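Chain A is the first sequence line, chain B the second, and so forth, proteins listed ahead of strands; every chain is numbered from 1. What's counted below: heavy atoms across the whole structure, side chains too, no hydrogens, waters or symmetry copies. These numbers were taken from a predicted model, which means no experiment stands behind them.
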Amino acid sequence: MNEEQQQPQPDTNQIVEERRGKLRALRAHGNPFPNDFRRTHLASEVHVLGEGKDCERLEADPSEAAVAGRLMLKRVMGKASFATIQDMSGRLQLYITRDALGESVYDAFKHWDLGDIVGAAGTMFRTRTGELSLKVTRLRLLSKSLRPLPEKFHGLTDQEQCYRQRYLDLISNPEAQRTFRMRSHLIQAMREFFVARGYLEVETPMMQPLPGGAAARPFVTHHNALDMQLYLRIAPELYLKRLVVGGIEKVFEINRNFRNEGISTRHNPEFTMLEFYEAYQDYEYLMDLTEELLREVAVKVTGNVKLTYQGETIDLGKPFDRLTMAQAIARYNPRYPLHELEKPEYLRAALAPFDIEVFPTDGVGLLQLKLFEQTTESKLVQPTFIVAHPTDVSPLARRNEGDPAVTDRFELFITGREMANGFSELNDPEDQAERFRQQADAKAAGDEEAMFYDADYIRALEHGLPPTAGEGIGIDRLAMLLTDSPSIRDVILFPQMRPE
RNA sequence: GGGCGGUUAGCUCAGCCGGUAGAGCAGCGGACUUUUAAUCCGUUGGUCGCGAGUUCGAAUCUCGCACCGCCUACCA
C-alpha cells in the first residue's frame, strides 16, 4: 500500500464537520475518550434480571445497573428522553430526564449523536408499555463518534460496504451478528467433538518450502534471512500425517489454507479447513464419524438436524447416501444406464456434448469423474457421499484392495457443493513415491496444480505411517449451510476485495 | 476469463420521452417529562462512480474505464 492510500481523505462532509466541532468543544472540557467507566451488566443481563417482574415489583425492589454501549436510537421529548443503546449482548432502553441528571448533563446529552458510545447507570423499571428500561441517574459520553451510522431502520444494505466496512454491518444488521456468532459456535462445536474423542489439536506450518496436500496454485513469498522461496500452504495434510508417524495417532487442525485461484461466491483466497487424522481406522469409519459430526454441530449451532438452505430443506438426520460416481450419475440422470457407465466408448460419447477436455489417455475412472462433474454434482442437494475416486486424481489416497484403479476415498456433497473429502491414507512409501513422480511429471508438462515431489514426506513415510484415515472439511462452506448464507463472503468477516 | 445488472446527499431510495436535483432517515434550529423507526414546525447538505462523445442543453442517450453484485468457467 502506498502513502496516499494510508492518508485519510480530507472529509468535507457536513455531518462529519459538525461532529468534529462537537468533539473540539468536548476536548475543551476534558477528555472526550475517558476510560474509567465500568459497567456492571450487559444489556441481556439486565433483561434477565427484570424478567417476569412487573412495574410494582421493580419499584418495590429496585435493581441497579451500569451499562455501556453504542447509542442507536434517541427520542428527545423536551425534558425527558428515551435512548436505546446496543452492546455485544443486545439492546437496552434508557430513560433520561433533566430532573434525574441535572440541566447541564441533560443538555449535553441532547447534542450527542447516534453512534456515540455512552455509559449509563440507574435503576430498572418498566415503561407504560411494559418495556424493561433503565431510569438513568448517571450518564457519560465515553467515545465520540465522528461519522454517521447507516440508516437506523433499513441498516446497511450495500453489500460491498458490508464487506469492506464489516463493523458497520455488525453494528446495524443483526443478521450479520447472528451469522458470525454461529460460525464461531460451529468451530467451537467441532473442537469439542474431536477433543471429546481424544484427538489432539495442533498447528502446522502455514509457510511451507513445498506446498502439498492438495491440487491447487499456491501463493509464493520470500524469506529474507533464509533467502528462500516459501509458499503459503494449500493444505496441512502432509504435516499432519508426519505427526501421525510421530505417534500423535488422533490429531486435528482448524486453520487457514491459501489458494491462488479465482474469487467467487464459493471461493475466497484464504479459507478455513478442518483436517483430522486417526490411526487404525479407514474411510468407512470416517463416513460414519462425519455423519455424527455434522448432526452434532448442526444441533449445537442451529438446534436442529434439519436445515433450510436458500429455501431448500436439508436433512442431516437421515443416513447419508453412499454412491459411486457411476451409481450417482445413473440415479440422477436416468438417460445414462448404469451398466453402460463402465464402458469407455460410451462415456466418451456421453461427454462429447459438453465443452470439456477429454484426453485419449483418460481411463474409465477419469471419464466417469468428468461426466459426474458435468451432470450430477450440482444435483446432490441432500448429503451424499461419493466413493471410489480414480487413483489418478487421488495421489495421497490408499488404493482399493479389490480394484487398484480406484481409491478408498469419499467426497461429501451437500447443496451441490463439496463439503468434505476423506480417505484411507496411502501409507506405502514406495507407492507414494511413484505417485509423486507422476504428479511431478504432470507439473513438468504444464499442470500448474499438480503436486511437488516431497522427498521429506517420503522419508517420514519410510519410518512407517500406521494405517490411517484422514479427512478435510471446509468450514466456510459448512458455515454457509448452517447460516443459510448465499455467499462465502457472508461468513468471512473480512473477505478479499479489490482495493477501493 | 466470459455474460448480465448496478453505481444519484453520511445512509435507504425516487428521478418517465434529454430541459439543469428530490423524498425519508441522520444533522442543525424550535415545541414536547413514558417514547418505540417517537411526533410536529422550520432548515443545511449533491463534481448524479470517472473520462470522452452526441446535443442549444446530459443524472437521463452512446462509447470507454473503475469498482461492486449475480450467473458462468477453474477450484474447496
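B:C32 and B:C40 are spaced 9 Å apart, taking the C1' atom of each and rounding to whole Å. For the P atoms, the distance linking B:G15 with B:C61 amounts to 12 Å, nearest Å. Distance noted for atom C1' between B:A9 and B:G24: 12 Å (whole Å). Between the C1' atoms of B:U55 and B:U12, the separation comes to 34 Å (whole Å). B:C13 and B:C71 are spaced 26 Å apart, taking the C1' atom of each and rounding to whole Å. Between B:C56 and B:C41, the two C1' atoms lie 43 Å apart (nearest whole Å). One C1' atom belongs to B:U72, the other to B:C16, and the distance between them is 34 Å to the nearest Å. Rounded to a whole angstrom, the distance from the C1' atom of B:C4 to that of B:G42 is 46 Å.
The CG-C1' distance, from A:Leu114 to B:C28, rounds to 14 Å in whole Å. Atom CG of A:Leu156 is separated from atom P of B:G10 by 14 Å (rounded to the nearest Å). As a whole-Å value, the separation of A:Leu101 CG from B:U33 P is 16 Å. One can place CD of A:Glu373 at 15 Å from C1' of B:U72, the figure rounded to the nearest angstrom. The interatomic distance linking A:Leu132 (CG) with B:U34 (C1') rounds to 14 Å, in whole Å. Regarding A:Leu71, its CG atom lies at a distance of 12 Å from the P atom of B:A26, rounded to whole Å. Rounded to an integer number of Å, the gap from A:Met77 CE to B:U34 C1' is 6 Å. Following rounding to the nearest Å, A:Leu94 (CG) and B:A38 (P) show an atom-to-atom distance of 14 Å.
Between A:Arg75 and B:A38 there is a side-chain N or O to OP1 or OP2 distance below 4.0 Å. Residue A:Thr265 has no polar side-chain atom (N or O) positioned under 4.0 Å from OP1 or OP2 of B:C70. Phosphate proximity of B:U35 to A:Gln93: absent, as no side-chain N or O sits under 4.0 Å from OP1 or OP2. Contact between the side-chain N/O atoms of A:His154 and the OP1/OP2 oxygens of B:A26 is not found at any separation under 4.0 Å. Taking only side-chain nitrogens and oxygens, A:Lys135 never comes nearer than 4.0 Å to OP1 or OP2 of B:U34. Contact annotation: A:Arg266 side-chain N/O to B:U72 OP1/OP2 distance is under 4.0 Å. Residue A:Arg489 has a polar side-chain atom (N or O) positioned under 4.0 Å from OP1 or OP2 of B:C70. Checking the phosphate oxygens (OP1, OP2) of B:A26, a side-chain nitrogen or oxygen of A:Lys152 falls inside 4.0 Å. Close to B:C13, at under 4.0 Å from its OP1 or OP2, lies a side-chain N or O of A:Thr157. Applying the 4.0 Å criterion to OP1 and OP2 of B:C68, one finds that A:Arg498 has a side-chain N or O inside that range.
Where A:Ser81 and A:Asp113 each meet RNA chain B at their nearest nucleotide, the meeting point lying more 5' is that of A:Asp113. The residue among A:Val76 and A:Pro150 whose nearest nucleotide of RNA chain B lies closer to the 5′ end is A:Pro150.
Residue A:Tyr95 places its side chain closer to B:U33 than to any other of B:U33, B:G10, B:C68. Listed nucleotides: B:C67, B:A37, B:U33. Nearest to the side chain of A:Leu73: B:A37. Comparing B:C70, B:A26, B:U35 by their closest approach to the side chain of A:Arg128 singles out B:U35. When the nucleotides B:G45, B:A37, B:C11 are ranked by their closest atom to the side chain of A:Glu151, B:C11 comes out on top.
Nucleic acid contact for A:Asn421: none, since no nucleic acid atom lies under 4.0 Å from a heavy atom of the residue. Residue A:Glu131 is classed as a base contact, given a heavy-atom separation below 4.0 Å to a base. Residue A:Arg217 is out of contact with every strand shown, counting any heavy-atom pair closer than 4.0 Å. A:Asn260 comes within contact range of no nucleotide atom at all, as no heavy-atom separation falls under 4.0 Å. Residue A:Lys22 is classed as a sugar-phosphate contact, given heavy-atom separations below 4.0 Å to backbone atoms only. At the heavy-atom level, A:Phe125 lies under 4.0 Å from base atoms of the strands shown. Within the nucleic acid shown, A:Gly155 comes within 4.0 Å of sugar-phosphate atoms alone, with no base atom in reach, counting heavy atoms only.
Side-chain to base pairing of A:Asp99 with B:U33: one donor and one acceptor N or O lie within less than 3.5 Å of each other.
Not a single donor-acceptor pair under 3.5 Å links the side chain of A:Ser394 to the backbone N or O of A:Ala397. Put simply, the side chain of A:Arg166 gets close to the backbone of A:Ile492: a donor and an acceptor are under 3.5 Å apart. Without hydrogens or angle criteria, A:Ser133 side chain to A:Glu131 main chain gives a donor-acceptor distance under 3.5 Å.
Neither side chain, A:Glu425 nor A:Thr468, offers a donor N or O lying under 3.5 Å from an acceptor on the other. Side chain to side chain, A:Asn257 and A:Arg233 meet the donor-acceptor criterion of an N or O pair below 3.5 Å.
Taking a pair to require two hydrogen-bonding distances under 3.5 Å in either a Watson-Crick or a G-U wobble arrangement, B:G1 pairs with B:U72. Base pairing of B:C17 is not made with any nucleotide, judged by Watson-Crick or G-U wobble geometry with both donor-acceptor distances under 3.5 Å. Pair assignment for B:U62 gives B:A52, based on Watson-Crick or G-U wobble hydrogen-bonding distances that are each under 3.5 Å. When both distances must be under 3.5 Å, the Watson-Crick or G-U wobble mate of B:U39 is B:A31.
Nearest heavy-atom pair across A:Arg126 and A:Leu58 is CG-CD1, 3.7 Å.
Glycosidic conformation of B:C13: anti, with the torsion beyond 90° of 0.
A cation-pi arrangement is absent between A:Lys79 and A:Tyr106, since the terminal nitrogen or guanidinium carbon is not both under 6.0 Å from the aromatic centre and inside a 45° cone about the axis. Geometrically, A:Lys74 engages A:Phe109 in a cation-pi contact defined by less than 6.0 Å to the ring centre and at most 45° from the axis. Geometrically, A:Lys379 does not engage A:Tyr332 in a cation-pi contact defined by less than 6.0 Å to the ring centre and at most 45° from the axis.
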